[in-house]
Amino acid sequence: MKKFSFFLSFCSIVSLIACKEQALQVSKIEGKEININDSISSNKDLDEFIAPYAEHIEEEMSATLAYAPKSLSKTDSKYNTAIGNMEADAVLEMLQPLFVARMQDSIDGVLLNYGGIRSTINQGNITTKTGYNLMPFENEAVVVKLSAEAMQELFDYLAKHQAAHPISGMQLILNPDGSIKKATIQNKNLENGKFYYIATNDYLKNGGDHMDFFAKNDTVITMNYKLRNLFIDYFKKKDTIAPVRDERFIKLEE
Amino acid sequence: MKRKTFIQQTTAAGVFTGIGGLGLLTSSFKSPVKHITILHTNDVHSHIEAFPADDAKFPNQGGVSRRYTLIEAIRKENPNTLLLDAGDIFQGTPFFNFYGGELEFKLMSKLKYDAATLGNHDFDNGIDGFYAQLPHADFSFINSNYDFSNTMIDGKVKDHQIFIKDGVKIGVFGLGIELDGLVSKNNYKETKYLNPVEIAQEMTKKLKQQEKCDLVICLSHLGYHYETDKIDDLKLAAKTKDIDLIIGGHTHTFLPKPTITTNIEGKKVLVNQTGWAGVNLGRIDFYLDEENNVSADGVAIEV
């Protein structure tokens with residue numbers, strides 16, 4: 001036995017010298033998150049490299065468009081949020097005249113997605129940059145013509161996921177168990193055989209967030225209006241942006 | 001058992017002195033412990049500048065220039081450092097809208113990133129928009145579960161890469177999230193999504209068993225954790241073996257410290273994610289030793 005161990009050890013040492021074949025093994029791991037803040041100085045060369053890009057953007061971005069008396073975040077509340085309501089109401093307000101002029105009909109409601117609210121609005125001046133932060137994506141507004149059945153699927157989707165997806169022109173009230181107590185559009189219950197014009201973005205129309213009911217449309221009207229530009233135009237139109245949370249989508253408590 | 005090891009070593013030492021002399025013996029036996037530092041970011045989303053002082057969530061935090069200073073200081077302390085990113089480099093500030101990702105790639109090259117994986121937002125200007133920015137990237141893109149063979153970036157993304165630092169072999173592979181429902185088909189085109197668990201098993205077999213990597217790292221854009229059946233980093237860790245570290249992204253998860261979880265063999269796996277927007281830098285230090293110098297009662301992990 002001793003002879004055998006001796007032989008093994010000898011072999012391992014020879015191989016160790018011959019080449020670095022000896023396997024390495026992790027003996028200790030340390031891990032942490034390091035916060036990057038103003039205790040770390042910035043690098044002058046890098047700052048100078050970034051500066052011309054930033055200056056060009058800044059020129060275009062710094063124009064003040066409106067004022068927000070309060071900071072707004074999509075995590076402020078459940079089911080519906082002030083910032084989401086502002087987005088959905090802005091879509092309705094800005095698209096409606098264009099839609100009426102083109103279609104001689106009106107938009108009934110709006111559904112956007114919670115995940116599409118990409119930043120908070122900070123208290124203070126709202127600038128072009130706020131619009132970019134809020135909607136950095138290139139998505140465009142579309143209006144989809146939905147049957148009452150597809151509309152019911154829309155309400156069922158909202159009731160199932162219970163996320164604060166921004167809506168306008170409709171109301172959804174859930175019972176404490178999550179079932180639908182009330183679902184109306186333009187203050188009316190859905191009517192079989194009737195069609196509804198719902199404004200959304202091309203991301204959701206193309207199957208984003210699995211809002212599959214948007215695919216079951218009769219017609220899609222593309223508005224050639226980027227949502228970011230729509231919000232920027234909305235800010236330009238308003239002096240003050242002070243939306244509130246309301247009763248458009250709520251869940252009743254026990 | 002302990003006694004037996006002791007006997008083996010002393011016996012061997014005796015013989016060795018006879019052959020080569022004490023100096024050589026000490027250097028080969030007490031070869032220094034290897035130290036590898038892994039630095040990582042995820043979901044930086046074009047946040048090149050720091051958040052302003054009046055930001056509601058992250059006042060005065062982040063910024064590529066400060067990240068550069070921090071990384072250079074760590075490299076000075078340990079040159080055997082790898083710098084990785086877990087995807088969603090693109091989209092989130094006007095830098096992307098105006099320049100299409102050019103500045104993001106140029107800066108990551110200046111920071112000497114070694115590799116990144118692709119996040120869903122890296123498809124935001126289409127697969128051709130990503131392709132157009134590749135000349136600005138002096139680092140690799142690694143993804144193992146997207147089949148790009150019918151797209152224009154075929155051959156531009158590696159399915160794995162092995163880095164050697166101080167003689168330590170570090171195998172890196174990458175996993176991306178299911179694109180259907182998340183990215184417009186017009187943008188991802190003919191990219192095929194393959195099952196991340198099966199691909200991870202293939203990759204670890206290749207990297208650990210065939211290539212004998214000392215460390216295996218998964219760069220993931222799957223997301224940290226979902227309550228549903230959807231695959232995430234924690235589920236991936238539990239269903240696989242031979243992964244030392246999963247660097248995650250997509251869910252913008254801020255962890256107070258890296259998560260220690262267990263793999264299918266009951267061995268420990270580290271999962272980390274650094275929130276988003278370059279607010280934090282993840283740092284994982286691996287100390288490696290020759291196999292028989294490592295204690296049998298497992299790896300000491302300090303987080």
Side-chain angles (χ1 to χ4, degrees), chain A residues 2 5-6 8-10 12-13 16-17 20 22-47 49-50 53-54 56-57 60-61 71 73 118-124 128-129 132-133 136-139 202-203 206-210 228, chain B residues 4 7-8 11-12 15-16 28 34 48-49 54-57 60-70 91-99 103 110 124 167-168 181 184 214 244 255 257-258 270 272 274 278-291 294 299-303:
Chain A
K2 199 171 179 181
S5 342
F6 163 77
L8 276 182
S9 309
F10 182 72
S12 70
I13 283 182
L16 200 142
I17 298 163
K20 286 183 146 185
Q22 171 78 32
L24 288 166
Q25 195 173 317
V26 177
S27 58
K28 190 172 85 167
I29 308 171
E30 291 166 354
K32 62 181 173 183
E33 325 294 336
I34 307 170
N35 183 239
I36 296 176
N37 53 47
D38 50 6
S39 71
I40 302 167
S41 59
S42 63
N43 177 275
K44 194 167 157 279
D45 291 345
L46 228 63
D47 289 343
F49 182 78
I50 297 167
Y53 291 89
H56 172 67
I57 293 172
E60 309 220 355
M61 288 292 160
S71 290
S73 164
R118 299 305 290 188
S119 81
T120 53
I121 293 180
N122 291 324
Q123 190 253 325
T128 306
K129 191 169 189 169
Y132 269 86
N133 290 342
F137 310 147
E138 307 302 320
N139 298 93
D202 55 355
Y203 167 76
N206 290 332
D209 284 4
H210 283 292
R228 179 197 311 127
Chain B
K4 197 170 129 197
I7 291 168
Q8 281 177 356
T11 326
V15 173
F16 202 81
S28 45
K34 309 268 186 181
I48 285 161
E49 296 172 311
D54 61 353
D55 186 80
K57 284 246 166 88
N60 255 328
Q61 295 178 55
V64 175
S65 181
R66 288 170 183 163
R67 194 184 336 141
Y68 178 84
T69 307
L70 175 62
Q91 194 69 273
T93 71
F95 284 106
F96 178 70
N97 307 110
F98 278 67
Y99 300 108
L103 188 58
K110 282 182 179 288
D124 277 7
V168 178
S184 164
D214 302 302
D244 295 285
L255 296 170
K257 56 187 188 177
L270 227 55
N272 202 22
T274 65
V279 164
N280 288 336
L281 179 73
R283 176 175 180 167
I284 311 290
D285 288 283
F286 286 97
Y287 297 87
L288 297 95
D289 213 333
E290 276 149 16
E291 217 160 22
V294 177
V299 184
I301 304 182
E302 292 168 22
V303 292

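Computed from a predicted structure; not experimentally measured. Chain letters run A, B, ... following the sequence lines, proteins first and then strands; every chain starts at 1. Reckoned from all heavy atoms, side chains included, excluding hydrogens, waters and symmetry mates.
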J.: Just so I know, are the side chains of B:Phe96 and A:Tyr132 near enough to count as touching, which here means a heavy-atom distance under 4.5 Å?
T.: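 The answer is no; the side chains never approach within 4.5 Å.
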J.: Considering only heavy atoms, which portion of A:Asn43 lies under 4.5 Å from any heavy atom of chain B: side chain, backbone, both, or neither?
T.: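 For A:Asn43, heavy atoms of backbone and side chain both lie under 4.5 Å from chain B.
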J.: Is there a side-chain contact between B:Arg66 and A:Ser39 in this structure, where contact means two heavy atoms from C-beta onward sitting under 4.5 Å apart?
T.: no
J.: Need one label for A:Ser119: side chain, backbone, both or neither, based on atoms under 4.5 Å from any heavy atom in chain B.
T.: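 Contact with chain B: none, neither part.
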J.: Decide yes or no for A:Ile36 and B:Asn280: does some side-chain heavy atom of the first lie under 4.5 Å from some side-chain heavy atom of the second?
T.: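 No, too far: nothing below the 4.5 Å cut-off.
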J.: With a 4.5 Å limit on heavy-atom distance, are the side chains of A:Asn139 and B:Ser184 in contact?
T.: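 No, their side chains stay 4.5 Å or more apart.
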J.: Taking it one step at a time, do B:Tyr68 and A:Asp45 satisfy side chain to side chain contact (heavy atoms under 4.5 Å, CB included)?
T.: CA-CA 10 Å; B:Tyr68 178 84; A:Asp45 291 345; over 6 Å; no
J.: Let me see the working for B:Ser65 and A:Asp47 under side chain to side chain donor-acceptor pair (under 3.5 Å), right down to the final yes or no.
T.: CA-CA 6 Å; B:Ser65 181; A:Asp47 289 343; 2.8 Å; yes
J.: Taking it one step at a time, do B:Phe95 and A:Ile57 satisfy side chain to side chain contact (heavy atoms under 4.5 Å, CB included)?
T.: CA-CA 8 Å; B:Phe95 284 106; A:Ile57 293 172; 3.6 Å; yes
J.: Does a side chain donor of either B:Asn272 or A:Glu33 reach within less than 3.5 Å of an acceptor in the other side chain?
T.: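 On atom types as modelled, these side chains qualify, holding a pair under 3.5 Å.
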J.: Side chain from CB out, backbone as N, CA, C, O: work out which of these in A:Glu60 comes under 4.5 Å of a heavy atom of chain B, or both, or neither.
T.: side chain
J.: Is there a side-chain contact between A:Gln25 and B:Asp289 in this structure, where contact means two heavy atoms from C-beta onward sitting under 4.5 Å apart?
T.: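 No, too far: nothing below the 4.5 Å cut-off.
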J.: Where on A:Asn122 is there a heavy atom nearer than 4.5 Å to chain B: the side chain, the backbone, both, or neither?
T.: side chain
J.: Can a cation-pi geometry be assigned to A:Lys28 and B:Phe286, taking NZ or CZ under 6.0 Å from the six-membered ring centre and within 45° of the ring axis?
T.: no
J.: Heavy-atom distances under 4.5 Å only: say whether B:Lys257 touches chain A with side chain, backbone, both or neither.
T.: backbone
J.: Parallel, tilted or perpendicular: which describes the rings of A:Tyr53 and B:Tyr99, with under 30° parallel and over 60° perpendicular?
T.: perpendicular
